[in-house]
**Student:** 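Pasting a structure below so you can have a look.
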Amino acid sequence: MPSLLLRNIKTLVLAETMPRAYVAGPDMSQLPLLNDAYLLAEDGRFAAFGPMSECPDRADQVVDAGGGFVFPSWCDSHTHLVFAASREQEFVDRIKGLSYEEIARRGGGILNSARRLRETSEEELLQSALGRLREVEALGTGAVEIKSGYGLTLESELKMLRVIQGLKAETAMPVKATFLGAHALPPEYKGHREGYIRLIIDEMLPRIAGEGLADYIDAFCEKGFFTVAETEQFIEAGARYGLKAKVHVNQFNSLGAVPACVQRGALSVDHLEVASEADIESLKGSATMPTLLPSAPFFLSDPYQPARRLIDAGLPVALASDYNPGSTPSGKMQFVVSLACIKCGMLPEEAIHAATLNGARAMELERECGSIAVGKLANFFITPPIPSVAYLPYAFGSDLVERAFLRGEVVADKRRGGIS
Ligand code: NIG
Ligand code: FE
């Protein structure tokens, strides 16, 4: 039984003796911290932790944390990290004054990515996505959700979802797959949207569910994309195949999608740059996780998510990267946590809870990931010596994930002389 012992941890962050499923409201600012600690993992799972005065004296492998902080790995519950090509020309077009919506209306945006993806082989997609997965492993991510939605044909959506399955086989972190056929109306269905909706519901969904290629269903509910009524149809169709919903809502407009998703038992509602009082009210008492993606408004120069209003209403909040080629070409969760603090008014403790435990909850992994608790996967990272927890979002330009571990094994070591 291989064991790993970490000694000399200055502060062990989010170690729980009574694991919680998620954290909401005022509890989000109460981050468990254990100073001068050790941490033991066995067989890839956390086995014990406590003060250095009680540190066991032997293990198969002993690692000196060198006075660094140890955090549970980030749980990134919303990404689109399978894609064929970057879109920096649109980035330049936005600098020149075009909006994300205008670019989409001209056939750029998601449709640009769909054209490129359809031309790209499954193997090429797998290799490029694997590069991004390795990148986020080294940035401290230890669980990830990945969406389809750049295929928009039966064959290409299947291809994307198979790539996600291929990624599962290559990484030690849990990966969840979401079917996002309803990401944009493909050009061949212009003027015939009902045909595409039927394709999603009657052909794509049964095939994808039948092959076990997706855990969840998603839709981009937004003006110019899919309506609330259509989104309701997708959620209900997904439910018939046992797929819960994680839905893109309120990125640019509050259309009523939040209460509609909550009523239909969505696992999460994601984006929420715009949130009305009625949206916030509808989330109270529900099991739906509001998931904020502040890197998207950062990149698109949009208003930031009202995290304070959500947390002050007693709600939980999760943070995710939204890693994708159009609105967020970054999977760096430490930066997401910084933005949540700087731009959304979250306290560092709230943002860390949101990017770990609540992110895990938003992809039903809270029993496996999201905190340091006996029995959970030994996915964590070690920082260099830092003065406090608040230093992590404060030092937004520094990469403070010095050593990253998945299932008790090192996957990145950025110290001089370490593996990278
Ligand atoms: O979450 N908003 C919809 N989907 C992605 C962006 C997709 C794209 O532009 O390629 C998002 O921001
Ligand atoms: Fe997204």
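A quick note: this is a predicted structure, and the numbers were derived from the prediction, not measured. Note that these values count all heavy atoms, side chains included, but never hydrogens, waters or copies made by symmetry. Residue numbers start at 1 and run along the sequence shown. As the structure lists them, so they are numbered: ligands from 1, and atoms in each ligand from 1.
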**Student:** If you take all heavy atoms of Ala373 and Phe46, which pair is closest and at what distance?
**Tutor:** O-CB, 3.4 Å
**Student:** Ring of Phe83, cation from Arg132 - is the NZ or CZ under 6.0 Å from the centre and inside 45° of the axis?
**Tutor:** yes
**Student:** Which residue supplies the protein heavy atom nearest to atom 8 (C) of ligand 1, what is that atom called, and how far is it?
**Tutor:** Tyr100 OH, 3.2 Å
**Student:** Considering only the protein, which heavy-atom contact is closest to atom 2 (N) of ligand 1, and what is its distance?
**Tutor:** Gln251 OE1, 2.7 Å
**Student:** Closer than 4.0 Å to some heavy atom of Tyr150 - which atoms of ligand 1 meet that?
**Tutor:** 7 (C), 8 (C), 10 (O)
**Student:** Is it true that a side-chain atom of Glu170 and a backbone atom of Leu130 form a donor plus acceptor pair closer than 3.5 Å?
**Tutor:** no
**Student:** Spell out, as yes or no, whether a donor-acceptor pair under 3.5 Å connects the side chain of Thr231 to the backbone of Thr227.
**Tutor:** yes
**Student:** Return the closest protein heavy atom for atom 4 (N) of ligand 1 as residue, atom name and distance.
**Tutor:** His183 NE2, 2.8 Å
**Student:** Is the side chain of Thr383 donor-acceptor paired with the backbone N or O of Phe69 at a distance under 3.5 Å, no angle test?
**Tutor:** yes
**Student:** Any sub-3.5 Å donor-acceptor pair from Thr171's side-chain atoms to Leu167's backbone N or O?
**Tutor:** no
**Student:** I would like to know whether His80 and Tyr323 meet ring pair (Phe, Tyr, Trp, His ring centres under 6.0 Å); could you show each step before the answer?
**Tutor:** CA-CA 6 Å; His80 311 244; Tyr323 197 174; 9.8 Å; no
**Student:** Looking at Ser327, which atoms of ligand 1 are within less than 4.0 Å of one of its heavy atoms?
**Tutor:** 6 (C), 9 (O), 11 (C), 12 (O)
**Student:** Considering only N, O or S atoms, which atom of His78 is nearest to the Fe ion (ligand 2)?
**Tutor:** NE2
**Student:** With heavy atoms of His80 as the reference, note each atom of ligand 1 found under 4.0 Å away.
**Tutor:** 1 (O), 4 (N), 5 (C), 11 (C)
**Student:** For a distance under 2.8 Å, tell me if His248 has an N/O/S atom near the Fe ion (ligand 2).
**Tutor:** yes
**Student:** Does the plane of the ring in Phe226 sit parallel, tilted or perpendicular to the ring in Phe234? Use 30° and 60° as the thresholds.
**Tutor:** perpendicular
**Student:** For atom 11 (C) of ligand 1, what's the nearest protein heavy-atom neighbour? Residue, atom name and distance, please.
**Tutor:** Asp322 OD2, 3.1 Å
**Student:** Compare every heavy atom of Leu357 with every heavy atom of Glu366, then report the nearest pair and how far apart it is.
**Tutor:** CB-CD1, 4.5 Å
**Student:** May I ask whether Glu222 places a heavy atom under 4.0 Å from ligand 1?
**Tutor:** no
**Student:** Taking N or O atoms only and a 3.5 Å limit, does Ser113 qualify as a polar contact for ligand 1?
**Tutor:** no
**Student:** Identify, by name, the N, O or S atom of His80 lying closest to the Fe ion (ligand 2).
**Tutor:** NE2
**Student:** Do any of the N, O or S atoms of Asp322 sit under 2.8 Å from the Fe ion (ligand 2)?
**Tutor:** yes
